[in-house]
Amino acid sequence: MDQNLPFKYVLSDEESRSLETVDVYVSDVEPKETERIIKFIEKYCPRNEILDHVKRIKKTSYDKGFKLTVLICLVESITITELITLINNYNFGSILKPRIQQVCKYPAITRDQFDEWRNLWPINFHEDFKKELNFTLKEIENIKQYMEKAIQLSIQAKLQGEIPVGCIIIDPKKNVILSESFDTRNSTKNPLNHAILNCINNIASLEKLNYMKKSNKIKNFQKSKVDNAVIYFNEEDFSSQQRDKDNSNSKLVYLCKGYDIFITHEPCIMCSMALVHSRIGKVFYGCSNTVSGGLGSCYKIHTHNSLNHHFKSFKGLLQHKIDTLLIDC
Amino acid sequence: METIHHKYMREALNLAQEAYDNYEVPVGCVFVLDDKIIGNGRNRTNETHNGTRHAELEAIDIILSSGEYTSEVFQRCVLYVTVEPCVMCAYALRQLRIKHVYYGCANERFGGTGSVFDIHRDPKLTLHPAYSCEGGYYREESILLLRKFYVRENENAPIPKRKHNRVLKTEIVPMKK
Ligand SMILES: [Zn+2]
Ligand SMILES: [Zn+2]
């Protein structure tokens, strides 16, 4: 059953693509011949790996019974003349009459795609996609609370003459806020001080302080040393034991690994890529950003094939609140 | 032929070397205004524990915090960077309305000015003007420095990767047109 979630999953291109088809040869067959024919096809006809998601047999039911149709192979892999010669050579000429049929070209990833595409010709479907997108009622409640917090920060930003975008980074396993921040482009006169970069910088400063403390480079942990950050966590909140063991470059890659971010507005392209560089877990945002958004609107950086880290993004969370509170953002 | 661009790119390469010497991914850059370097930067992701502290962002912050310039200065600046800017930095530069970018080698994994995306000139992005971008200045030197870095990283890794990663390859495939 579908959950009624207060946010929408931001689909990748593969997940949102509409039906594309490819031509194949098929033939109606007598049910009692099917086994023999499938053996012939598997042994002698071109094998097409791109059709692995497509079922070999289609069953069409009628009032009085059913009809079976088998898929032979891709049209592009053999000409009809060659195929008929092949069929005749193995004495299937009387029972295999190839004709052209369209099947869907790509595997269905979402249930919606599956429900639509299967009408053309039966296909396989593994619903592992859904599992990660289920949330408990408690989780949904927390998610809303976190976005409320981000909205509070955006209001605070607005009161201080900043662009009203607020964000927080949390550790979902411990249910604790690690860093919170808002846009400071105006006061700092730096056009790049967006909420997310500020928030990541806070986490990094803390990570570094913690690291230095652990390696006895400084004796006392001084919160005041961290610029512009409100910090809730104590040192145990950093799972840095493992990180400290590995003093090579790779540990930095994991700065936000397993953490989630809540931000009132869809991150711009710069911030979206900063989240890739930081290996963020999940992203929740309220309003979409049609002019520079990197997680759905202008680009889908969170799912792009050539980038080395992917994450799930959700949009529309408490959007009505953000829309009404911050009209001029 | 040695051009003025090579002169500035040499400066950027020196910074990349400094990054390498400090166990950072060797990328360096300089911002040039009216034939004068007004700021430089190099990768500091390791030192800062922050995967976003790329050479370009380092240099931009140095320039803006010097108090000598406002952010409008970048509209008159040219950037020389040893490796193609990543997607993040490419959009940072667009927001600053940078005039022009020269880079050394392409960045196949993250490049935002041609390799993965065309952030510098994508007409969909209407908030800030497009900028032009040109690669190939001291390209071989930039690549070799990166390769040296990854070979060293791999040697120091707890479980070294396959053998061919440990050998410094010196032949370089010609640049794609
Ligand atoms: Zn941003
Ligand atoms: Zn970058």
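First the proteins, then the strands, lettered A, B, ... as listed; each starts at 1. We use all heavy atoms of the structure for the numbers below, so side chains are in, but hydrogens, waters and symmetry mates are not.
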Option that, when pairs with chain A are counted at under 4.5 Å, heavy atom only, ranks first among B:Asp61, B:Thr70, B:Val87: B:Val87
How long is the span from the [atom1] atom in [X] to the [atom2] atom in [Y], to the nearest 0.5 Å?
X        : Y        : atom1 : atom2 : value
B:Lys124 : A:Ser292 : NZ    : OG    : 12.0 Å
A:His304 : B:Phe117 : NE2   : CZ    : 3.5 Å
A:Met270 : B:Thr52  : CE    : OG1   : 9.0 Å
A:Asn210 : B:His49  : CG    : NE2   : 9.5 Å

From CA spacing to verdict: side-chain contact (heavy atoms from CB on, under 4.5 Å), A:Leu192, B:Tyr91: CA-CA 10 Å; A:Leu192 305 184; B:Tyr91 196 61; over 6 Å; no
Name the region of [X], side chain, backbone, both or neither, that has any atom closer than 4.5 Å to a heavy atom of chain A.
X        : result
B:Leu64  : side chain
B:His128 : neither
B:Phe74  : neither
B:Cys89  : neither

Minimum-distance pair of heavy atoms, taken over all atoms of B:Glu47 and A:Lys208: O-NZ, 2.8 Å
Minimum heavy-atom distance between B:Val116 and A:Ser306, given as atom pair plus value: CG1-OG, 3.6 Å
Worked verdict on B:Arg109 versus A:Asn308 for side-chain contact (heavy atoms from CB on, under 4.5 Å): CA-CA 8 Å; B:Arg109 287 162 69 210; A:Asn308 61 350; 3.6 Å; yes
Evaluation steps, side-chain contact (heavy atoms from CB on, under 4.5 Å), between A:His194 and B:Gln95: CA-CA 11 Å; A:His194 298 194; B:Gln95 290 177 76; 2.8 Å; yes
A:Lys189 (side chain) donor-acceptor with B:Ser71 (main chain) under 3.5 angstrom: no
Top contributor to chain B contacts, counting heavy-atom pairs under 4.5 Å, from A:Asn305, A:Ile269, A:Ile301: A:Ile269
Candidate pair B:Asn50 and A:Ile203, rule side-chain contact (heavy atoms from CB on, under 4.5 Å), full reasoning: CA-CA 8 Å; B:Asn50 186 342; A:Ile203 295 256; over 6 Å; no
